[in-house]
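As structure tokens, the structure follows; a few thoughts come after it.
Naming convention: chains lettered A, B, ... in sequence-line order (proteins, then strands); numbering from 1 in each chain. As a basis for the values below, the full set of heavy atoms in this structure was taken, side chains included, without hydrogen atoms, waters or symmetry mates.
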2 protein chains.
Amino acid sequence: MRALAKEQKNQSSALIAKDQIKQLIFSGELLADSNYLETELADRLGMSRTPVRQATLMLEAQGLLEVQPRKGVRINSISIKDMEDIYEILTELECLAARRAAQADLKKTDLKLLLDAINAMETALASEDREAWAMADEAFHTELVRLGGNRRIESMVSNVNDQVRRARAFTLNMRPLPTKSNKDHKKLYTSILKGNAEAAHDTHRKHRKNASELLISLLKNAGMKRV
Amino acid sequence: MRALAKEQKNQSSALIAKDQIKQLIFSGELLADSNYLETELADRLGMSRTPVRQATLMLEAQGLLEVQPRKGVRINSISIKDMEDIYEILTELECLAARRAAQADLKKTDLKLLLDAINAMETALASEDREAWAMADEAFHTELVRLGGNRRIESMVSNVNDQVRRARAFTLNMRPLPTKSNKDHKKLYTSILKGNAEAAHDTHRKHRKNASELLISLLKNAGMKRV
DNA sequence: GGATTTGTTAATGTATTCATTAACTGATCA
DNA sequence: TGATCAGTTAATGAATACATTAACAAATCC
């Protein structure tokens, strides 16, 4: 909490607006396929239209919303096809990161955060705490990509992830507990440590493929056309 | 020309500024690793700071520049490591698109633009017109990605491409004429038409790998640390 | 002479004002 | 009755005004 406030200290209102609007979208306070006027958002965030507008333009560039003149900004929803497209990209980029990480001759100490995340998932599974599991899972994937050592992949993955955040949150409680997935994580961890690049790549590809197929079938079964 | 002017008719100044600043960067009128004040850019573009600022924030999100308070916007240069990172991503995404295109059961008519580009490259090679070749090559790659049918890949590739545009332009006249590369293009064309997804993927991977290795060695030989 | 501090400058970041224009309402006409 | 057109409204998009603050310079103190 304090860290967050501190972090925002030297940020411009535009960047604060960007983060806050993102949060409002993720939390569902701003609904997908709905429009919100700039004035409305400015009031809500307690600032003038100027930084809010800057934020919306940045978020439009990221694909989270569309600025529709005289109608307000429209929060983009995600179709099943979108989900498939996004997961395809996500898979490709993460697998690339996994391969790179395995080639980077990393030591156990380098992989500490990755292992921490794996353990956190195990704990969360034991106590059936889905929220905690989701957080640890995200930490795992973030750290994996970071270990890949390609900054651009990091930011691209982060951007794309933002676009499916709502869908993931939506299905979190519909999913069976992913008891099996931690086996994949451990296998990947070992491959990276051993420097087995292709194994890391392939393991992760299967993992991601399973996860995305599950997610998409859950959405379909729930009759969800858009999220 | 007229099309461009027309295109800009209904665009906001912010979007015009974004395009124009990009052009200024690509053409080298704005130098990498140099700073330009917002006022300066606004004067140059004949508009007020407001839309210019919006443009710079969008371009910062895209990674082309950095907004440095009180120092002006700094045009980002690209290191060899950056080039490697970028080409790695580009390769992965384009190969994905190639695979998808091959799976999409496309007919000859669908592949017309791709073939046009191949022919244009051949013509350009015959007359040793590097500029024309580069344009056709870009058209080929753009169309390939479009045929992949994943909009997000299109925009990501386009963004990433923008980041290496200067480097490519720089080496264009240093390169030997890429007489061999059109064989790769034709092979890819055939693979897509025949629906041979893995061949399309692998052909393009090799093609991209060669191209990036060549580009990077050219930059290294030229003693270029940053572009 | 060097370091520190205060004052000034200038560029950013935000708010506000203004102009433009799409959307809506109602009225007129066929 | 329905359609078209004028007038009004309201939201955007841009310019300008204003506040803030980092950077630089000058002056003072040790």
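The closest side-chain donor-acceptor pair between B:Asp82 and B:Ser79 falls under 3.5 angstrom.
A side chain to side chain contact (heavy atoms under 4.5 Å, CB included) with B:Ile78 holds for exactly one of B:Arg165, B:Met224, B:Arg166; it is B:Arg166.
Counting heavy atoms from C-beta on, the side chains of A:Gln11 and A:Asp19 come closer than 4.5 Å.
Ionic pairing of B:Arg100 and A:Glu88 is present here: one or more N-O contacts between side-chain nitrogen and carboxylate oxygen are shorter than 4.0 angstrom. B:Arg44 and B:Glu40 are not joined by a salt bridge, as no carboxylate oxygen comes within less than 4.0 angstrom of a charged side-chain nitrogen. One finds a salt bridge joining A:Glu143 and A:Arg146 here, because a Lys/Arg side-chain nitrogen approaches an Asp/Glu carboxylate oxygen to under 4.0 Å.
Atom pair B:Leu41:CG and C:dA11:P shows a separation of 13 Å (rounding to whole Å applied).
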Might you list the N or O atoms of the protein lying below 3.5 Å from N or O atoms in nucleotides 14-16 of chain C, with each pair's distance?
unit_1	atom_1	unit_2	atom_2	d
C:dT14	OP1	A:Ser13	N	2.2
C:dT14	OP1	A:Ser13	OG	2.7
C:dA15	OP2	A:Ser48	N	2.8
C:dA15	OP2	A:Ser48	OG	2.5
C:dA15	O5'	A:Ser48	OG	3.4
C:dA15	N7	A:Thr50	OG1	2.8
C:dT16	O4	A:Thr50	OG1	3.3

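More than 12 non-hydrogen atoms from other residues, nucleotides or ligands lie less than 6.0 angstrom from CZ of A:Arg226. For B:Gln68, the CD atom sits in a packed shell: over 12 heavy atoms of surrounding residues, nucleotides or ligands are nearer than 6.0 Å.
Read 5' to 3', the first and last nucleotides of DNA chain D with an atom closer than 4.0 Å to a heavy atom of chain A are D:dA11 to D:dG13.
Listed in residue order, the members of residues 58-76 of chain B having a heavy atom less than 4.0 Å from DNA chain D are B:Arg70.
Between A:His207 and A:His185, the ring planes lie perpendicular to each other; the angle is over 60°, past the 30° to 60° tilted range.
In this structure, B:Ile21 and B:Leu65 approach most closely via the heavy-atom pair CG2-CD2, 4.3 Å.
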